[in-house]
Structure formats: structure tokens, C-alpha cells
Amino acid sequence: MRLSGKVAQVTGSARGSGRANAERFSAEGATVVGNDVGSDAGARETLAVLKAAGGKGSVEMFDVSDAAQVDAGVKSILAVHGRIDVLVNNAGITRDNLLLRMSEEEFDAVIRVNLKGTYLLTKTVTRHMMK
């Protein structure tokens with residue numbers, strides 16, 4: 001178990017590659033903190049799968065595109081687990097459409113989650129872990 005004693009935070013952990021990442025980190029011994037703003041039930045289901053396989057973890061729900069929620073979420077994770085050793089910025093959304101049919105609001109939502117979310121979470125985790 002290469003990651004025993006480590007804490008891995010995985011965004012977008014409710015399904016797909018996020019769930020697969022959470023399962024892999026758990027299998028390697030990490031305590032996994034899942035997150036998926038679109039599916040609290042899905043993130044909790046992932047946690048149940050991890051625990052059924054002998055893993056450890058928790059769920060911390062917050063919107064990665066909202067700076068205040070990211071800060072509060074990271075503080076909560078640190079209060080519970082004391083550290084974040086691995087950060088997997090997996091949260092992402094799509095609003096597939098032809099350019100001429102895509103609204104500016106759809107485009108902005110993709111940029112907020114996929115780019116701004118990665119920026120905010122990485123910056124916040126780094127800032128808190130350097131204290």
C-alpha cells in the first residue's frame with residue numbers, strides 16, 4: 001500500500017474517471033475525500049464502495065468554482081484529516097453544442113468548473129498546506 005497514511009482529495013468522484021481515481025487511490029491505501037457538487041448521493045455511493053473494499057474516506061461537498069466554498073471545504077477537510085497529500089482536480093462539465101448554438105452562459109459554466117475550479121482548488125490547498 002504505497003499511499004498508506006496519505007489523504008487524497010478527488011473532485012468529481014461520483015462517477016466515471018473521478019470514481020475510478022478514488023477507487024485506485026483507496027486501493028493504494030490513501031484516505032480518499034470525495035467531492036461532486038452535482039451528485040451528493042453519487043459521491044456518498046463512491047465512499048460506500050471504497051469502505052466496502054476496506055478503504056477509508058469521507059465526502060466534502062462544495063462547488064469548485066466558488067472561492068468561498070472551496071476555502072470552507074478545504075478548511076473542513078484539514079480539520080478532519082489534518083492534511084491533503086494528493087489533489088486530483090477531476091471535476092468537469094460539458095455543454096456540448098455547436099459554437100453558434102452555445103450560449104455564453106453555457107460556455108461560462110464550463111470555464112468556471114473546468115478551469116477556474118482547478119485554479120481555485122489548487123491555489124487554496126497549496127496556501128493552506130504551506131502554513
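When reading the values below, keep in mind they use all heavy atoms of this one structure, side chains included, and skip hydrogens, waters and symmetry mates.
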Side-chain donor or acceptor of [X] paired with backbone N/O of [Y] under 3.5 Å:
X      : Y      : answer
Thr124 : Leu120 : yes
Ser76  : Ala72  : no
Asp71  : Ala67  : no
Asn35  : Gln9   : no
Asn21  : Asn90  : no
Glu60  : Ile77  : no

Give the minimum heavy-atom separation between [X] and [Y], together with the two atoms involved.
X      : Y      : result
Val113 : Ser65  : N-CB, 4.1 Å
Gly73  : Phe62  : CA-CD2, 3.7 Å
Ala91  : Asn114 : O-OD1, 4.2 Å

Could you check whether any side-chain heavy atom of [X] comes within less than 4.5 Å of a side-chain heavy atom of [Y], counting everything from C-beta outward?
X      : Y      : value
Met102 : Arg95  : yes
Val88  : Val86  : yes
Val7   : Val33  : yes
Val74  : Leu121 : yes
Thr94  : Val110 : no
Thr11  : Asp36  : no

Quiz item: Counting only heavy atoms not in Leu99, do more than 12 sit closer than 6.0 Å to its CG atom?
Solution: no
Quiz item: Would you say the side-chain atoms of Ser58 and His81 include a donor-acceptor pair closer than 3.5 Å?
Solution: yes
Quiz item: Are side-chain N/O atoms of Ser13 and Arg19 paired as donor and acceptor at under 3.5 Å?
Solution: no
Euclidean distance, [Y] [atom2] relative to [X] [atom1], rounded to 0.5 Å:
X      : Y      : atom1 : atom2 : result
Asp108 : Lys116 : CG    : NZ    : 10.5 Å
Asp96  : Glu106 : CG    : CD    : 10.0 Å
Ile84  : His128 : CD1   : NE2   : 8.5 Å
Met129 : Arg83  : CE    : CZ    : 6.5 Å
Glu23  : Glu28  : CD    : CD    : 13.0 Å

Check whether [X] and [Y] end up in the same hydrophobic cluster, where Ile, Leu, Val, Met, Phe, Trp and Tyr are linked by side-chain heavy atoms less than 4.5 Å apart.
X     : Y     : answer
Val32 : Leu87 : no
Val10 : Leu78 : no
Val59 : Val37 : no
Val70 : Ile93 : yes

Practice problem: Just do the side-chain contact (heavy atoms from CB on, under 4.5 Å) check on Thr126 and Lys123 with the steps written out, would you? | Solution: CA-CA 5 Å; Thr126 302; Lys123 180 180 178 181; 5.9 Å; no
